[in-house]
Visitor: 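What follows is a structure written as structure tokens; I'll ask about it next.
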Protein chains: 2
Amino acid sequence: MERDENQMTESMQAPQTLSDLQNAITERYSELSKRLRQVARYLIDHPGDIAFGTVTVIAQDAGVHPSTLVRFANAFGYSGFSEMQTLFQQNLLRESPSYTERIRIARETLGDPGSQSPDQLLGEFIHADTLALQSLQSHIPAEVLNEAIDILANAEATQIIGVRRSFVPAAYFAYALRHIERRAYLIDNVGAMHKEQAGTIQKNDAVLAISFRPYASETDEAVRIAHERGVPIIVITDSRLSPLAKLASVVFTLPDSEVHGFRSLTPTLCLAQSLSIGLAYRVDKNRSMDGNPA
Amino acid sequence: MERDENQMTESMQAPQTLSDLQNAITERYSELSKRLRQVARYLIDHPGDIAFGTVTVIAQDAGVHPSTLVRFANAFGYSGFSEMQTLFQQNLLRESPSYTERIRIARETLGDPGSQSPDQLLGEFIHADTLALQSLQSHIPAEVLNEAIDILANAEATQIIGVRRSFVPAAYFAYALRHIERRAYLIDNVGAMHKEQAGTIQKNDAVLAISFRPYASETDEAVRIAHERGVPIIVITDSRLSPLAKLASVVFTLPDSEVHGFRSLTPTLCLAQSLSIGLAYRVDKNRSMDGNPA
DNA sequence: ACCAAAATGGAATGAATTTTCCAGAATTGC
DNA sequence: GCAATTCTGGAAAATTCATTCCATTTTGGT
């Protein structure tokens, strides 16, 4: 067996993921020099500390000289310490709730926006929507979902508000709730009568409002009316700083994924689905517990 | 009560944890200037993206000047942006381990219908939508996309038809097309006047019809009228055997993903986005080729 | 113990990044 | 509607940082 291949100094290509690197380190640990072993141990044992921090700080913590870190990175095929460091950062990002960073990276690797074929465009939207969906889960705490479903389950009817872009998920909510035989009223502002429509909100209703930047005054007004009447309010919006958030009983803040200037409604609709079906199950369960096993 | 204390400029001491900072931001949000609010929103809504990246990059993503970030940090008592940034890093380090675990658990329990928590349900829908999106790309040939965009680009106005479930993507189309300054009419059947609405379809319009099983007669009728008048028709449906398919100039057939009896609209909306933005680019290109470089 | 080769840490260089400063723009108060 | 104040963004300055280079030390072999 030819052992020369294993000598890898600068020639071989560097590991591209953190786990690859960790494997490589473990494998080559014995052939490293004293100081490099020290670095190796530190990298393996404290991966979290590598992501941030400067060479100087990390070197101090690891008890070595900064240049040793650079040499270590070189020994594993990287152009410098910084290049190796990105692996640790990416790893942290992958585990973290953040995803716009990944979109940014993906966008960079996808080349210039603008003169693209519709086909590529479709691919980009699919990609962006997928990422947005993935991050959705981490943005929606289970308790909030449960509270929202509680409110909907206890309400006699649900009044749904959403205009312009948010009209789309609002319409979906109305469709879905009616589908599972819940009373749902869509405040659709037909005939510019949203105030009149909002006027019909009653004590034992629930209000479901959807509003994203730029926040529409129509939605705001309707929610305000509901708030005055002490009606429980579920808000789906994009930020805790949204004007609706402070009036709400329950707030969902959704990450907005923007590609080519168009924000995706996919997370909102997915949430809408989940709320509706979750409600359906809840209502079903309540019914059977009420002594009606059908 | 002495309110002076609240004026805090440089004098007060800066929040030492991320949640403290977030609270402080929420509290003082209203008294911030326009740009600082922009920063505030970005910090609240994208905490994960602050941790890495340089001021320059973050400033770009937030749409502000780098110095604004520094000013913001100063306004909250930090010596500079970097000092504030460390809060976000610490937070990321603390949060990271749970996330992948959650997804794994959610995925494992997938397929166990019935008594599920809404949280698990959400995970299922996310998963289903993701799969549906993935398969979308292979179901949409590039030529069909191009033809559809051709039709939309040449049309004077677009008439959009979709009822019930399909009303949701139809409404989205109407919104998106108007957003890119195309004339779009949504045949929404208000006042049960879909026939009258369809009657306004003209020779150089285009028709965009969305219909899934069970196919709605309203959509069918409208498309039939359009077909008689020789108007180009784009159809989004679930099968090439759909009654609309044979009248269409271009047909998109979408795979339907069904979870808990609810079909997902996500692929339809993703397609809608792609068509709209693809159209926007096409129109832009045509305009500049017509000698109007703006 | 001596020589050659490798390894190490200090200092310097050069690049990148954060911060400060300032002039013009926008906003507010009168 | 004007003046004063605040806000903004460009550019330069200052700082920090990663990397390279080199002299010194250490290691391993004879």
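Per chain, numbering begins at 1; letters A, B, ... match sequence-line order.
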Visitor: Starting at CE of B:M84 and ending at P of C:dT18, how long is that distance when rounded to a whole Å?
Guide: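 One finds 12 Å between P of C:dT18 and CE of B:M84, rounded.
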
Visitor: Write down the distance between CG (A:L36) and C1' (C:dA6), rounded to a whole number of angstrom.
Guide: 11 Å

Visitor: Output a table of donor-acceptor pairs, distance under 3.5 Å, between side-chain atoms of residues 212-219 of chain A and any protein atom two or more places apart or on a different chain; print 'none' if there are none.
Guide:
residue : atom : partner : partner atom : Å
A:R213  : NH1  : A:Y215  : OH           : 3.3
A:R213  : NH2  : B:D45   : OD2          : 3.2
A:Y215  : OH   : A:D238  : OD1          : 2.8

Visitor: How many whole angstroms separate atom CD of A:E83 from atom C1' of C:dA16?
Guide: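 Taking CD of A:E83 and C1' of C:dA16, I get 17 Å after rounding.
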
Visitor: Rounded to whole angstroms, how far apart are CD on A:Q38 and C1' on C:dG9?
Guide: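 My rounded result for the distance is 13 Å.
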
Visitor: Measuring from atom CD1 of A:I234 to atom CG of A:L244, what distance do you get when rounded to the nearest 0.5 angstrom?
Guide: 13.0 Å

Visitor: List in numerical order all residues of residues 57-69 of chain A for which some heavy atom is under 4.0 Å away from an atom belonging to DNA chain D.
Guide: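 When residues 57-69 of chain A is checked for heavy atoms under 4.0 Å from DNA chain D, the hits, listed by number, are A:S67.
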
Visitor: Roughly how far apart are A:T237 OG1 and A:L254 CG, rounded to 0.5 Å?
Guide: 8.5 Å

Visitor: For the atom pair CD1 (B:I50) and CD (B:Q89), what is the distance rounded to the nearest 0.5 Å?
Guide: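 Result: 11.0 Å between the selected atoms.
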
Visitor: Please name all residues satisfying ring-ring contact (aromatic ring centres under 6.0 Å, His included) with B:Y78, sequence neighbours left out, ordered by chain then number.
Guide: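 Counting only residues at least two positions away or on another chain, B:Y78 forms no ring-ring contact (aromatic ring centres under 6.0 Å, His included).
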
Visitor: In terms of side-chain heavy atoms of B:N74, which of C:dT19, C:dA7, C:dT20 is nearest?
Guide: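 Given the options C:dT19, C:dA7, C:dT20, the side chain of B:N74 is closest to C:dT20.
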
Visitor: So, the side chain of B:R41 versus the backbone of A:S239: is there a donor-acceptor pair under 3.5 Å, distance only?
Guide: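 No; zero donor-acceptor contacts below 3.5 Å.
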
Visitor: Tell me, with the steps shown, if B:L69 and B:V39 meet side-chain contact (heavy atoms from CB on, under 4.5 Å).
Guide: CA-CA 7 Å; B:L69 286 181; B:V39 174; 3.7 Å; yes

Visitor: Below 4.0 Å from chain B heavy atoms, what is the first contacting nucleotide of DNA chain D and what is the last?
Guide: D:dC7 to D:dG10

Visitor: Would the distance check show the side chain of B:R182 and the main-chain N or O of B:S276 forming a donor-acceptor pair, the cut-off being under 3.5 Å?
Guide: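 Not at all, since once roles are kept as given, no pair shorter than 3.5 Å links the two residues.
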
Visitor: Using modelled atom types and a 3.5 Å cut-off, is there a donor and acceptor pairing between side-chain atoms of B:T26 and backbone atoms of B:Q22?
Guide: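 Indeed, once roles are kept as given, a pair shorter than 3.5 Å links the two residues.
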
Visitor: Of all residues at least two apart in sequence or in a different chain, which pass the ring-ring contact (aromatic ring centres under 6.0 Å, His included) check with A:F72?
Guide: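 So A:F72 forms a ring-ring contact (aromatic ring centres under 6.0 Å, His included) with A:F76.
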
Visitor: Any carboxylate oxygen within less than 4.0 angstrom of a Lys/Arg side-chain nitrogen, looking at B:E31 and B:R28?
Guide: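 Salt bridge: yes.
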
Visitor: So if I define the base as every atom that isn't primed, P, OP1 or OP2, how would nucleotides 22-30 of chain C read as a B/S/- string at a heavy-atom cutoff under 4.0 Å?
Guide: ---------

